[in-house]
Amino acid sequence: MAYKTYQTKEKGWALLSAAFFINALDVESYIFDPLGIELSSEAYRIVSEIPNFFIATLLIWGAIHLKYEVSKLKHIVYLSVFLVASYVWLLLLATNVFGDNFILSSLFPSFAYGGALIYFGLVLKRHKISGHGIDALFPWGLILLGALNLTYPFTRNLDQFVPVGFSLGALFRLIAAVGAIKFVFNPFPHIEVSGKQDIPSGAFLYYTKDDVSGKFGKWESKSGLVMITREDINRLKQWINPKATVFWITRAKEGRLHDSPAIYAISPTKIDILMDFIAKALQGGYSIVYIDAIEYLILENGFENVFKFLLNIKDRVLTRGGTMILVVDPNALETFHRKMLEREFSGD
């Protein structure tokens with residue numbers, strides 16, 4: 001399950017990378033003229049619009065993978081319709097249906113490209129990137145760049161706006177690039193586990209916190225601990241290892257709340273972002289994942305989504321020889337759901 005999810009997300013990023021690469025090879029006269037490269041006006045009219053359709057297709061497809069983790073039949077139908085419409089539009093350009101009307105000829109390609117950038121940015125903002133911090137510049141840069149491209153048919157031939165438009169485009173690309181770098185190269189710092197962990201590896205389910213203490217002793221004092229919890233923040237500051245990382249599930253606020261231990265507030269609906277954070281923590285040397293906010297996560301996301309989330313974490317933890325601990329109130333679960341958790345998470 002974890003590997004499938006990981007691979008589908010990697011497909012999304014690969015499609016985004018391909019879109020940006022094509023964008024870097026965009027056909028524009030202001031680029032070709034200084035290089036001494038000439039295209040006939042008939043060829044340029046068609047070739048200059050093709051990248052917009054390619055990039056829009058890749059962006060939409062990549063966003064679908066990031067949001068849904070799979071291309072469903074309806075998504076394939078939508079993309080197919082878009083590709084057919086793109087082909088028809090290129091045929092219309094080739095037959096010079098629009099004549100010399102630049103606005104009409106570039107309207108659909110520009111709207112497709114700009115709309116795809118905005119859609120990808122919104123997917124990143126909603127599902128992958130927290131609303132605070134430098135990494136939030138990534139989706140906002142894409143959204144602003146997309147909005148700018150929506151104006152292209154109307155502003156491209158306005159001499160007084162051209163330098164402003166190019167400057168804004170460069171600025172929005174820079175904003176997106178800074179956010180992307182922060183997002184990609186922001187792993188949890190590598191930690192050295194101090195002392196013997198003496199915690200058995202595996203995935204465990206308990207119905208009370210006392211049961212956890214009875215099994216693992218003072219687990220909260222161990223280094224390399226990641227918590228997903230609704231515990232009182234002031235109590236957490238005094239209770240757990242200062243090297244631990246806590247994700248406090250709340251709708252009230254978002255962002256970093258405390259440094260040592262590191263406590264982050266995060267919305268219960270952003271389990272994709274939470275999954276990425278946990279994956280980075282495990283890569284950085286954290287080895288114990290404790291979760292006691294299952295009921296709240298289920299309330300906000302539904303059992304199926306939370307169950308997939310838990311299995312994803314379980315697979316990642318076990319492949320690294322770590323420990324995953326769930327604490328859940330059995331009375332808050334339907335019998336079938338409780339049995340599903342018991343089948344995947346041992347209580348031994």
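Listed by chain and residue number, nothing satisfies the ring-ring contact (aromatic ring centres under 6.0 Å, His included) test with W248 (two or more places apart in sequence, or in another chain). Applying the side chain to side chain contact (heavy atoms under 4.5 Å, CB included) rule to S167 yields no partners; only residues at least two apart in sequence or on another chain are considered. Not counting sequence neighbours, the partners of S267 by the side chain to side chain donor-acceptor pair (under 3.5 Å) test are T269. In terms of the side chain to side chain contact (heavy atoms under 4.5 Å, CB included) criterion, residue partners of D232 (sequence neighbours excluded) are, by chain and number, N234, R235. Every residue two or more places apart in sequence or in another chain that forms a ring-ring contact (aromatic ring centres under 6.0 Å, His included) with F307 is listed here: F303. Partners of L107 by side chain to side chain contact (heavy atoms under 4.5 Å, CB included), not counting sequence neighbours, listed by chain and number: F111, P153, F154. For F161, there are no ring-ring contact (aromatic ring centres under 6.0 Å, His included) partners, not counting sequence neighbours. For R251, the side chain to side chain donor-acceptor pair (under 3.5 Å) partners are E300, not counting sequence neighbours. D211 meets the side chain to side chain donor-acceptor pair (under 3.5 Å) test with T208; sequence neighbours excluded.
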Report, one line per pair, each donor and acceptor closer than 3.5 Å where one atom sits in a side chain of residues 72-90; sequence neighbours left out.
| residue | atom | partner | partner atom | Å |
| --- | --- | --- | --- | --- |
| H75 | ND1 | K72 | N | 3.1 |
| S80 | OG | I76 | O | 2.7 |
| S86 | OG | F82 | O | 2.8 |
| W89 | NE1 | S105 | O | 3.0 |

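For the pair E342 and R338, the salt-bridge criterion is met [side-chain N within less than 4.0 Å of a carboxylate O].
Sequence neighbours left out, the pairs with a member in residues 282-295 that pass salt bridge (charged side-chain N to carboxylate O under 4.0 Å, His left out) are K209-D292. For residues 310-331, there are no ring-ring contact (aromatic ring centres under 6.0 Å, His included) pairs, not counting sequence neighbours.
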